[in-house]
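A short worksheet on the structure shown next.
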Protein chains: 2
Amino acid sequence: MSVGTGGRGLDDGDQQSPRPTRRRGGRPGGGRATISRVADVAGVSRATVSRVMNGTSTVAPELVARVRAAAEALDYEPSPVARSLALGRTSTVSLIVPDLANPMFQDVLRGLSAAAGEAGHRLLVAESNENVEEESILAVEARRRSDGLVLASPRAPEAELRALSERLTPLVLLNREIPGSNVPSLSVDYAAGIREIVAHLLGYGHRHLVYLAGPDASTSNQDRVAALRAAAAADGFKLTELPCGAMFEDGHAVARAALDTGATAIVAYNDMVAFGTLSGLHELGVSVPRDISITGFDDIPFARYTTPPLTTASIPRNELGRQAWGRLWALMNGEPAGHNVRFQPRLLVRDSTGPVPEAGRQEEP
Amino acid sequence: MSVGTGGRGLDDGDQQSPRPTRRRGGRPGGGRATISRVADVAGVSRATVSRVMNGTSTVAPELVARVRAAAEALDYEPSPVARSLALGRTSTVSLIVPDLANPMFQDVLRGLSAAAGEAGHRLLVAESNENVEEESILAVEARRRSDGLVLASPRAPEAELRALSERLTPLVLLNREIPGSNVPSLSVDYAAGIREIVAHLLGYGHRHLVYLAGPDASTSNQDRVAALRAAAAADGFKLTELPCGAMFEDGHAVARAALDTGATAIVAYNDMVAFGTLSGLHELGVSVPRDISITGFDDIPFARYTTPPLTTASIPRNELGRQAWGRLWALMNGEPAGHNVRFQPRLLVRDSTGPVPEAGRQEEP
DNA sequence: GTGAAAGCGCTAACAA
DNA sequence: TTGTTAGCGCTTTCAC
């Protein structure tokens, strides 16, 4: 534990203190010069140093020069921690996501990081590992270390989320809404995306779709399922649901089963699943889209390079991150929450979908 | 700016202050109860509250109860910022990477985040956008907000890095070493990976390889190039170098050109490039590995699901992040730096490589 | 075992 | 314009 750096001068500044001043061992930030030191060296008060460092107020040119020189010489850099305490803000925002392996959140992270960075803010990230209880602890803590929070919490029960939301403002929600609250929310209209995919497939004559379901608990999967069922009921096609998952291997593992349902088109939970399935299908000697069609969701970067390129619904992942920053920034400045926005996925028709095969290809081998 | 919550009692605690105490508008962390408030409510001193909250020292059971009750009632949560200032540590570490879009760094991020999280530390991330100047500013600032820094700086000139490294300790370097310094470094032995790939290809009879080069400035590309050239010289095979890039589209764009070199095997900078090229090759009607072989690098998750599955060199990206945490933690506790480690890639032979084709397949269409 | 008080490094109101 | 001083919210000696 102990760092052992007892040194660095036992009493600098504060010469009026009655007893020798206590100095702690570990130095928080690497750089060690403090504002007092600079003030001493420059022969001015700490307030003046502060003024110079912040370019605030107007200081006599000569003093400015002296302070700058001292700061330079001492390699002084104001302590962000001390400033945070004094100012009541940290110039940091937090992002909490269930799973950093998810390309969706990776891009949100990128967008948020870039946007916040441009505004001179830092980003604290934490992964909740899909663990709801841990998540609230994490959220509260992260929030207190920062000025605002972007939270992607696909699993937390609504009541819990609602209760939490108060202590978390400024807060922006991703892919969740709290009905009746004024917590801004940015989400993807998965249902709309699914409807586009379905329409596209029906247009090709498909009448039996199999859905490779994502994680049960995730709202984004629930949205898709609901949209699919509604469409099946409304449009009168057959829908088979197959539990699957969210990753390559899940899709790969379920290829055979998907085929065996007799469906003529596969609607995968996302692109990774679709890709895994595609791979499995290849291995089974099945030709896409001649024998069966398949769609993804998300349009992650490689989706247009698969063989055949994947028909999918694109969502503006990066933009979500940037917009999240925009909302947060507004909130942090006391502006009103504004309307929630739901990004509409855009259908990208590529080559993994095609007309329904003439004869049954699966029933009689 | 102003939040407008002027309230929350103008003078709690500090009743000995001669003039009315000043209260700031913005409240830093959402939760608002302070230690003084809790102390007042519990009828004890702030010191005692502190002791109870930290489970330190031994406090009379009755007082503990009173404090806990008060804290509970007030929904009190100690301010991390204030603690950071008082303790001289932030329980946060920083990660700076050139590019968050790079799967390599995404995984490092995950590993680091997970490991740090388990140890009760938070993670600050920043992207330097390959911008060397900005990077040093960022690094210093991030470092001061945290207790240690993990830095991936593939481009910074060595001198600059060396100069910087002092103000950055505890510091762990990724894929960079500072010769003669004691800054711990974790890196991937790209050269070794390349040598394995080359040996594998030579074993199949290939005598003309084309390398799809990554970004010029990146050391990881330079390592590969150097290893390739050395091998070409030593083993007497022909090596063609083709400028390419690091992304899918780069690989895709260069497929035709790669083919035109007449090489019988393609060594791609990484998996994404290989996948892009594979896609381009498919479109050109070229069969892999019958007509030409191709290798990737990294073994990113989808590499085993491409068609055909990609022969590549796997590197422990996640482990890099975890180990980085381990090193940082050691450093933060004043332990010595230890030896640098270079992770050896492991060759994964899959189906994108095969024997050299019998006849020239490209020369006469 | 508990409280008083000094201190972490900075900012800002106020007075000079 | 500049310095003095109180304060941000917490921890930790030191004395009782």
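Proteins come first, then strands; the chains are lettered A, B, ... in the order of their sequence lines, and each starts at number 1. Because the structure is a prediction, the values reported are computed rather than measured.
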For the side chain of [X], counting heavy atoms from C-beta on, which of [options] is nearest?
X: B/A60; options: D/dG3, D/dT11, C/dG1; result: C/dG1
X: B/N54; options: C/dG9, D/dT11, C/dT11; result: D/dT11
X: B/R51; options: D/dC14, D/dC10, D/dT2; result: D/dC14
X: B/V44; options: C/dT2, D/dT2, C/dG3; result: C/dG3
X: B/A86; options: C/dG3, C/dC10, D/dG9; result: D/dG9

Rounded to whole angstroms, how far apart are [atom1] on [X] and [atom2] on [N]?
X: A/R46; N: C/dC8; atom1: CZ; atom2: P; result: 10 Å
X: B/L63; N: C/dG1; atom1: CG; atom2: P; result: 11 Å
X: A/I35; N: D/dC8; atom1: CD1; atom2: C1'; result: 14 Å
X: B/E62; N: C/dG1; atom1: CD; atom2: C1'; result: 13 Å
X: A/R89; N: C/dC10; atom1: CZ; atom2: P; result: 15 Å
X: B/R66; N: C/dG1; atom1: CZ; atom2: P; result: 16 Å
X: B/L85; N: D/dC10; atom1: CG; atom2: P; result: 12 Å
X: B/M53; N: D/dC10; atom1: CE; atom2: C1'; result: 11 Å

Could you tell me whether the side chain of [Y] reaches within less than 4.5 Å of the side chain of [X], counting heavy atoms only?
X: B/L112; Y: B/V150; answer: yes
X: B/V93; Y: B/M332; answer: yes
X: A/L161; Y: A/L151; answer: yes

*asked:* Quick check against the 3.5 Å criterion: does B/S185 have a side-chain atom that pairs as donor or acceptor with the backbone of B/R176?
replied: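 Side chain of B/S185 to backbone of B/R176, a donor-acceptor pair under 3.5 Å: yes, one is there.
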*Measure from the side-chain N and O atoms of A/E127 to the backbone N and O of A/L100, and report whether any donor-acceptor pair falls under 3.5 Å.*
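Judged by distance alone, yes, a pair lies under 3.5 Å.
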Applying a 4.0 Å non-hydrogen cut-off, can you work out what [X] is touching in the nucleic acid: base, sugar-phosphate, or nothing?
X: B/A47; result: base
X: A/T58; result: sugar-phosphate
X: A/V49; result: nothing

